[in-house]
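The structure under discussion appears below in the form of structure tokens.
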Amino acid sequence: MRIVNVVGARPNFVKISPLIREMRRHPVITSVLVHTGQHYDEAMSQQFFAELDIPAADHNLEVRSGSHAIQTAEVMRRLEPLLISARPDVVLVVGDVNSTLGAALTAVKLGIPVVHVEAGLRSFDRAMPEEINRVLTDAISDLLFTTEEGARRNLVREGIAPRKIHFVGNVMADALLASRTRWRTSSIVDQLGLAGTAFAVLTLHRPANVDDPRVFGDLLGALREIGRHIPIVFPVHPRVTSRLAADAAAPGSGRGLIFQPPLGYLDFMALMSRARLVLTDSGGIQEETTMLGVPCLTLRDTTERPVTVTHGTNRVIGTCAKTIVSEALRTLDEPPRPVAPPPLWDGGAARRIVEILLTERLDRRARLRESMAPAPALSASGA
Ligand code: UD1
């Protein structure tokens, strides 16, 4: 079985690592890794490959940055010839970034079965680019692996056949558990001079939070207010660096906020695991804090990962500055009690996925025949 795995952005690298490791245990699987190049800085890409023991990509499409249309189109343009010559049995995509959609669309148009890992998550907010990527990728996938039970309902509601959906748990949890002994020995907390000190961690990168200077300024104001009570480590995503430049130059800026370049996976897990509080607008971090049992406040109006609220440490508190400050101070005073991880977030998701891949028959020719057959209604009417 020849599987082409496509990744492009930081969270994809985390998710693919346990899958590649599991695929390599089965001689019957030939796994090919394609990096679209959506994330390309050393700190956003190579460092993750090294720390998560991901083999070097077999192909790098070097798509890099661009508008959503350009980025998605470039993935398609550059991946198509590669898939035509590699002739995989399956293309596997993870998550919800532009590379995920671009790769899935390229494969389906070549008649190659698509496997989506982390299917069925919905924020029901179509203004989020990731929501569009999720809905469309799921619509054209042949096998859909879900991380939480509610995802099946979302998929079935959208007309996805239940037989294609498998609840397997979370490969992000696999990655976190498999690397635990390594991130536990990271010295990042000492390096930041925070040993023995209570601190919080912040990440922000969503366009809705950082692209409008007024919205971003209000958020930073609230975070500085929290920073008067507890230092906040803020590893800054590249898309935020330029927006921060002017603001960071303002007198008194930085107080309470400890700006950092993007951190590697192991340092970041170590930092979060020892934080009193995490504030974020990321999707994956809501899951990782739930695994780590660290309180998380999500600075968005919605989450596509409700299990992190019902079974985890996450609270979705929106972006109103006053609310952020009061909720952060309240959480510091009364931390939520640690809970057991959500169902199947046990380190076995990649194993379940590969087992299903090996037993499901994803016959490319059968699939092509199916897609080319006239729709029953048309043939019945004799059209
Ligand atoms: C992307 C994903 C988002 C995911 C995030 C994780 C989409 C639509 N968004 O958002 O879902 O949560 O990755 O980080 O796919 N840049 C660099 N170096 C890099 C990568 C990016 O400088 O290595 C800069 C570029 O200026 C680029 C900007 O960051 O324009 C945004 O990168 P992009 O990949 O377009 O989106 P993210 O915001 O990273």
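One-based numbering, in listed order, for ligands and for the atoms of each. Note that the coordinates shown come from a computational prediction; the quantities given were computed from them, not determined experimentally.
Of the heavy atoms in P11, only side-chain atoms (C-beta onward) come closer than 4.0 Å to ligand 1. Residue contacts with ligand 1, taken as heavy atom pairs separated by less than 4.0 Å, involve R10 solely via side-chain atoms from C-beta onward. Here H39 has heavy atoms under 4.0 Å from ligand 1 in both its backbone and its side chain.
Annotation: atom 18 (N) of ligand 1 to nearest protein heavy atom, D41 OD2, 3.0 Å. Among protein heavy atoms, the minimum distance from atom 25 (C) of ligand 1 is reached at S65 OG, 3.2 Å. The nearest heavy-atom contact from the protein to atom 35 (O) of ligand 1 is Q71 NE2, 3.5 Å. Looking only at heavy atoms of the protein, atom 24 (C) of ligand 1 is closest to P238 CB, 3.8 Å. The nearest heavy-atom contact from the protein to atom 34 (O) of ligand 1 is Q38 NE2, 3.0 Å. Looking only at heavy atoms of the protein, atom 3 (C) of ligand 1 is closest to E130 OE2, 3.2 Å. Protein heavy atom nearest atom 2 (C) of ligand 1, with residue, atom name and distance: V97 CG1, 3.6 Å.
Under the side-chain contact (heavy atoms from CB on, under 4.5 Å) rule, M272 has a single partner from T289, V294, L263, L176, which is T289.
Sequence neighbours left out, the pairs with a member in residues 176-212 that pass ring-ring contact (aromatic ring centres under 6.0 Å, His included) are H205-H237. For residues 110-137, the set of pairs meeting the ring-ring contact (aromatic ring centres under 6.0 Å, His included) definition, not counting sequence neighbours, is empty.
The residue among H205, R239, E42 with a heavy atom at the shortest distance from atom 28 (C) of ligand 1 is R239.
Contact record, A275 with V201: CB-CG2, 3.8 Å, taken as the closest heavy-atom pair. Scanning both residues, R10 and P262, for their nearest heavy atoms gives NH1-CB, 3.9 Å.
For ligand 1, the atoms sitting less than 4.0 Å from at least one non-hydrogen atom of N98 are 7 (C), 8 (C), 15 (O), numbered in the order shown with element in parentheses.
Here D346 contributes atom CG and R351 contributes atom CZ; the two are 7.5 Å apart, rounded to the nearest 0.5 Å. Distance check, rounded to the nearest 0.5 Å: CD of Q71 to CG of L101 gives 11.0 Å.
By the 4.0 Å N-to-carboxylate-O rule, R24 lies too far from D53 to be salt-bridged with it.
For the pair H68 and ligand 1, the shortest N or O to N or O distance does not fall below 3.5 Å.
The six-membered or imidazole ring of H35 lies near that of F49, with a centre-to-centre distance under 6.0 Å.
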